[in-house]
Enquirer: 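Pasting a structure below so you can have a look.
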Amino acid sequence: MEINLVSDTVTRPTPDMLRAMFQAKVGDDVYKQDPTVNELEALVADLFGREAALFFPSGTMANQTAIKLLTRPGDELIADHYAHVYNYEAGGVAFNSGVSCRLIHGDRGRINAQQVEAHIHDPEFYHSPRTSLVCIENTTNKGGGACYDLTELQRIKEVCKKHGLHYHLDGARLWNALIAKGEHPKQYGALFDTISVCLSKGLGAPVGSLLVGNASLIKEAMRIRKVLGGGMRQAGYLAAAGIYALENHMERLSQDHKRAAELGALLQQMPWVQQVEPVETNIVIFSVKPTLNESVVIQKLKQKGIAISSLGAGKLRLVTHLDYREVMHTYVMDALKQLVF
């Protein structure tokens with residue numbers, strides 16, 4: 001049995017999703033003539049209560065487009081030091097937008113309003129970069145799937161309004177947060193200038209993210225997407241997978257959360273485990289005892305047909321997902337119990 005818990009991006013389309021893809025009506029999306037892409041964009045915009053959405057081939061491109069939209073070269077954005085836009089987008093903030101990052105050491109990837117206000121540069125002090133944007137990530141990837149409290153996001157919004165800052169949400173795994181916290185997308189749509197959401201994490205679509213915002217921003221986002229090489233032609237085959245995922249795979253995210261919680265609880269009992277981060281959604285991050293190299297754990301699990309990932313410095317990560325079935329979960333739980341070092 002081969003079980004891949006490296007990420008929730010490893011899933012494959014279900015038979016019903018493939019059927020929806022094969023049956024999709026398509027056109028040329030560069031000319032905005034693909035009816036299925038148009039349907040997906042309208043669906044997601046409506047979910048968040050916003051005017052428009054734009055389909056992207058990746059979440060990184062959607063985030064980078066938002067940053068380009070909301071900043072000028074020489075500006076600075078505020079984000080947590082775990083932020084995906086800083087750590088995992090290949091320096092695109094600097095390369096694409098000429099922007100620097102002011103990083104905050106928050107709580108498992110989450111920053112608060114007080115910290116944000118304390119890190120805003122005085123706009124009159126021209127020796128410092130102009131602070132123009134706050135980037136939030138929910139759930140936090142490197143923070144182990146931690147969710148923000150909506151009230152804190154609202155407080156940060158007030159700080160942004162007070163200081164004239166834009167506000168972007170990297171919502172790659174926002175679907176997980178919505179299910180875990182019992183929230184509605186419109187609550188987020190009311191807060192942020194732009195929101196990126198991913199269809200290939202958790203929801204099981206093969207490709208795709210969307211950027212959500214008002215009509216004028218999304219119109220300009222089309223130009224930036226073109227510059228970045230993100231225009232696609234008969235993308236409706238991919239959009240159909242996204243529509244199917246949104247209509248059929250949202251509620252089942254709670255199963256991923258339950259299995260992740262059970263893995264986290266078991267790992268806390270293992271004598272070779274030093275610490276397990278709190279498990280809120282579908283990501284489990286744990287560290288091994290200082291006397292144990294994490295590569296040994298990875299190798300032993302690999303021998304049992306289980307793949308997980310290393311975060312370095314003794315930390316390991318498991319991510320539950322659509323293709324991780326109950327029979328696999330039972331097998332992994334038994335395998336972890338049997339590990340001896």
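The first residue of the sequence shown is numbered 1, and numbering continues consecutively from there. All values derive from a computational prediction rather than experimental measurement.
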Enquirer: Any idea which heavy atoms bring E152 and A113 closest together, and the distance?
Expert: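 That closest heavy-atom pairing would be OE2-N, 2.8 Å.
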Enquirer: Closer than 3.5 angstrom, by distance alone: can the side chain of Y167 be matched with the main-chain N or O of L153 as a donor-acceptor pair?
Expert: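 Pair found, side chain donor or acceptor close to backbone of L153.
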Enquirer: Do the non-hydrogen side-chain atoms of I283 and I285 ever get within less than 4.5 Å of each other?
Expert: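 When only atoms from C-beta onward are counted, I285 and I283 do touch, with a gap below 4.5 Å.
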Enquirer: Using 4.0 Å as the upper bound for N to carboxylate O, is an ion pair formed by R317 and E294?
Expert: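 Between R317 and E294 there is no salt bridge, as every charged N stays at least 4.0 Å from the carboxylate O atoms.
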Enquirer: Out of curiosity, M333 CE to M328 CE, how far, rounded to the nearest 0.5 Å?
Expert: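 Those atoms lie 16.0 Å apart.
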Enquirer: Are V296 and W272 linked, directly or through other ILVMFWY residues, by side chains that come within less than 4.5 angstrom of each other?
Expert: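 Same hydrophobic cluster.
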Enquirer: Does CZ belonging to R325 count more than 12 external heavy atoms closer than 6.0 Å?
Expert: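 It does not: R325 CZ has 12 such atoms or fewer within range.
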Enquirer: Count I, L, V, M, F, W, Y as connected when their side-chain heavy atoms are under 4.5 Å apart, and connections chain through other members. Are W175 and I136 then in the same cluster?
Expert: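 Same hydrophobic cluster.
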Enquirer: Any Lys/Arg nitrogen of K162 or E117 sitting under 4.0 Å from an Asp/Glu carboxylate oxygen of the other?
Expert: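 Looking at K162 and E117, the cut-off is met.
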Enquirer: Apply side-chain contact (heavy atoms from CB on, under 4.5 Å) to residues V10 and D323 and explain how you reach the verdict.
Expert: CA-CA 8 Å; V10 302; D323 286 1; 5.9 Å; no
Enquirer: Closer than 4.0 angstrom, basic N to acidic O: yes or no for R130 and D75?
Expert: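 Yes.
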Enquirer: Is there a side-chain contact between Y148 and N112, using heavy atoms and a 4.5 Å cut-off?
Expert: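 The answer is no, as the side chains (C-beta and beyond) never meet within the 4.5 Å cut-off.
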Enquirer: Mind running side-chain contact (heavy atoms from CB on, under 4.5 Å) on L103 and D80 for me, showing each step along the way?
Expert: CA-CA 5 Å; L103 302 176; D80 186 88; over 6 Å; no
Enquirer: Any chance CD of Q114 has more than 12 other-residue heavy atoms, nucleotides or ligands included, within less than 6.0 Å?
Expert: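 No - once you tally the heavy atoms of other residues, nucleotides and ligands closer than 6.0 Å, there are 12 at most.
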Enquirer: To the nearest 0.5 Å, how far apart are CG in L322 and OG1 in T11?
Expert: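 Reported to 0.5 Å precision, the distance equals 6.0 Å.
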Enquirer: Is there a donor-acceptor pair closer than 3.5 Å between any side-chain N or O of T131 and the backbone N or O of H121?
Expert: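 Answer holds: yes.
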Enquirer: Which residues end up grouped with L133 if you chain together Ile, Leu, Val, Met, Phe, Trp and Tyr wherever their side-chain heavy atoms are less than 4.5 Å apart?
Expert: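 Members other than L133 - counting any ILVMFWY side chain reachable under 4.5 Å - are L54, F56, M61, I67, L69, L70, L77, V85, V93, V99, L211, L217, I218, M222, I224, L228.
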Enquirer: Does the side chain of I120 come within less than 4.5 Å of R102's, by heavy atoms?
Expert: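 They are not in side-chain contact.
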Enquirer: Can you tell me if K186 has over 12 outside heavy atoms packed within less than 6.0 Å of its NZ?
Expert: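 Buried by this count: over 12 neighbours within 6.0 Å.
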Enquirer: Can you check whether A215's main-chain N or O pairs, donor with acceptor, with E51's side chain at less than 3.5 Å?
Expert: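 Yes, E51 side chain to A215 backbone: donor-acceptor pair under 3.5 Å.
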Enquirer: Any side-chain heavy atom of V30 sitting closer than 4.5 Å to one from R233?
Expert: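 Side chain of V30 against side chain of R233, heavy atoms only: contact under 4.5 Å found.
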Enquirer: Side chains of F286 and Q275: does their closest heavy-atom pair fall under 4.5 Å?
Expert: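 No - every pair of side-chain heavy atoms lies 4.5 Å or more apart.
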Enquirer: Minimum heavy-atom separation for P57 to G230, with atom names?
Expert: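 Smallest interatomic distance, heavy atoms only, reads CD-O, 3.8 Å.
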Enquirer: Is there a salt bridge (charged side-chain N to carboxylate O under 4.0 Å, His left out) between D256 and R252 once you walk through the steps?
Expert: CA-CA 7 Å; D256 298 342; R252 63 148 306 281; 2.5 Å; yes
Enquirer: To the closest 0.5 Å, what do you measure between CG (D28) and CE (M232)?
Expert: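 Nearest 0.5 Å value for the CG-CE distance: 11.5 Å.
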Enquirer: Inspect the contact between K161 and E158 and indicate whether a charged nitrogen and a carboxylate oxygen are less than 4.0 angstrom apart.
Expert: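 Yes, E158 and K161 are salt-bridged.
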Enquirer: Below 4.5 Å, heavy atoms only, C-beta onward: do E76 and S132 meet side chain to side chain?
Expert: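 A side-chain contact under 4.5 Å is absent here.
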Enquirer: Locate the shortest heavy-atom distance separating A53 from L210; write the atom from each residue and the value.
Expert: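 The answer is CB-CD2, 4.2 Å.
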Enquirer: Check the hydrophobic clustering (I, L, V, M, F, W, Y; side-chain heavy atoms under 4.5 Å; chains of links allowed) and say if I306 and V276 are grouped together.
Expert: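 The answer is yes; both residues are in one hydrophobic cluster.
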Enquirer: Using side-chain contact (heavy atoms from CB on, under 4.5 Å) as the criterion, point out the one residue from V284, V319, L5, V332 that pairs with I308.
Expert: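 When side-chain contact (heavy atoms from CB on, under 4.5 Å) is applied between I308 and each of V284, V319, L5, V332, only L5 qualifies.
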Enquirer: Determine yes or no for a side-chain-to-main-chain donor-acceptor pair under 3.5 angstrom, with H168 supplying the side chain and S196 the backbone.
Expert: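 No, H168 side chain to S196 backbone: no donor-acceptor pair under 3.5 Å.
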Enquirer: Side chains of Y188 and L150, heavy atoms from C-beta outward: is any pair under 4.5 Å?
Expert: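 Yes; the side chains approach each other to less than 4.5 Å.
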Enquirer: Looking at CE of M250 and CG of L178, how far apart are the two atoms once the value is rounded to the nearest 0.5 Å?
Expert: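 Going from CE on M250 over to CG on L178, the span is 5.5 Å.
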Enquirer: Taking it one step at a time, do L336 and L267 satisfy side-chain contact (heavy atoms from CB on, under 4.5 Å)?
Expert: CA-CA 8 Å; L336 288 172; L267 285 165; 4.2 Å; yes
Enquirer: Should the pair K289 and F341 be classed as cation-pi, given the thresholds of under 6.0 Å to the six-membered ring centre and 45° from the axis?
Expert: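 The answer is no; the distance or angle limit is not met.
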Enquirer: Under 3.5 Å, is there a donor-acceptor pair linking the side chains of N214 and S216?
Expert: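 Distance-only check passes for N214 and S216.
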Enquirer: Determine yes or no for a side-chain-to-main-chain donor-acceptor pair under 3.5 angstrom, with H321 supplying the side chain and D8 the backbone.
Expert: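 No, because the side chain of H321 does not come within donor-acceptor range (under 3.5 Å) of the backbone of D8.
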Enquirer: Is it the case that the side chains of N63 and E89 hold a donor-acceptor pair, with the cut-off being a distance below 3.5 Å and no angle test?
Expert: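 Yes - a donor-acceptor pair under 3.5 Å links their side chains.
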Enquirer: Evaluate side-chain contact (heavy atoms from CB on, under 4.5 Å) for V37 paired with L238, printing each intermediate quantity in order.
Expert: CA-CA 8 Å; V37 172; L238 301 174; over 6 Å; no
Enquirer: Which heavy atom of S209 sits nearest to which heavy atom of A62, and what is that distance?
Expert: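 That would be CB-CB, 4.5 Å.
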Enquirer: Any link between I243 and V207 through a network of hydrophobic side chains (Ile, Leu, Val, Met, Phe, Trp, Tyr) touching at under 4.5 Å?
Expert: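 Hydrophobic grouping puts I243 with V207.
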Enquirer: Within the supplied structure, the quantity of interest is the number of heavy atoms (other residues, nucleotides, ligands) at a distance under 6.0 Å from R108 CZ; does it exceed 12?
Expert: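 Enclosed.
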Enquirer: Of all the heavy-atom pairs spanning A245 and M17, show the shortest one and how long it is.
Expert: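 In terms of heavy atoms, the two residues are closest at CB-CE, 4.0 Å.
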Enquirer: Is there side-chain contact between D34 and F55, with at least one heavy-atom pair below 4.5 Å?
Expert: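 No, too far: nothing below the 4.5 Å cut-off.
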Enquirer: Determine whether more than 12 heavy atoms belonging to other residues, nucleotides or ligands lie under 6.0 Å from atom CZ of F95.
Expert: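 No, the 6.0 Å shell around CZ holds no more than 12 heavy atoms from other groups.
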Enquirer: Is any side-chain N of the basic residue among E262 and R259 closer than 4.0 Å to the acidic one's carboxylate O?
Expert: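 Salt bridge flag = no for R259 with E262.
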Enquirer: Please check if any side-chain donor atom of H257 sits under 3.5 Å from a side-chain acceptor atom of T281, or the reverse.
Expert: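 The answer is no; no qualifying pair exists.
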Enquirer: Keeping the roles fixed (side chain from N96, backbone from G92), state whether a donor-acceptor pair exists under 3.5 Å.
Expert: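 Flag set: sc N96 to bb G92 pair under 3.5 Å.
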Enquirer: Identify whether V6 and L318 are in the same connected component of the hydrophobic contact network (ILVMFWY, side-chain heavy atoms under 4.5 Å).
Expert: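 Different clusters.
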Enquirer: Report yes or no: does T36 contribute a side-chain atom to a donor-acceptor pair with the main-chain N or O of K25 at less than 3.5 Å?
Expert: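 Between the backbone of K25 and the side chain of T36 there is a qualifying donor-acceptor contact (under 3.5 Å).
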Enquirer: Distance-only, no hydrogens or angles: does the D29 side chain make a donor-acceptor pair with backbone N or O of Q234 under 3.5 Å?
Expert: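 Flag not set: sc D29 to bb Q234 has no pair under 3.5 Å.
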Enquirer: Might you confirm whether atom CD of E326 has over 12 heavy atoms from other residues, nucleotides or ligands at distances under 6.0 Å?
Expert: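 More than 12 within 6.0 Å, yes.
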Enquirer: Are the side chain of S254 and the backbone of E251 linked by a donor-acceptor contact shorter than 3.5 Å?
Expert: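 It does hold such a pair.
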Enquirer: Would you say the ring centroid of Y86 lies under 6.0 angstrom from that of H81?
Expert: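 When the ring centroids of Y86 and H81 are compared, they turn out to be at least 6.0 Å apart.
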Enquirer: Aromatic ring centroids of F192 and H166 under 6.0 Å?
Expert: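 Not close enough - the centres of the two rings lie 6.0 Å or further apart.
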Enquirer: Verify the neighbour count for atom NZ of K32: are there more than 12 heavy atoms of other residues, nucleotides or ligands below 6.0 Å?
Expert: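 Yes, enclosed.
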Enquirer: One thing to verify: whether E137 and R173 come together as a salt bridge, which I'm taking to mean a side-chain N less than 4.0 angstrom from a carboxylate O.
Expert: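 Here R173 does not pair with E137 in a salt bridge, since their nearest N and O are not under 4.0 Å apart.
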Enquirer: So does R110 pair up with D149, basic N to acidic O under 4.0 Å?
Expert: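 Looking at R110 and D149, the cut-off is not met.
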Enquirer: Could you tell me whether the side chain of T140 and the main chain of K142 form a donor-acceptor pair under 3.5 Å?
Expert: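 No: the side chain of T140 does not pair with the backbone of K142.
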Enquirer: Answer yes if the side chains of D16 and T14 hold a donor-acceptor pair under 3.5 Å, and no otherwise.
Expert: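 There is no such pair between these side chains.
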Enquirer: What are the two closest heavy atoms between Q64 and S97, and how far apart are they?
Expert: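 Of all heavy-atom pairs spanning Q64 and S97, the closest is O-OG, 4.3 Å.
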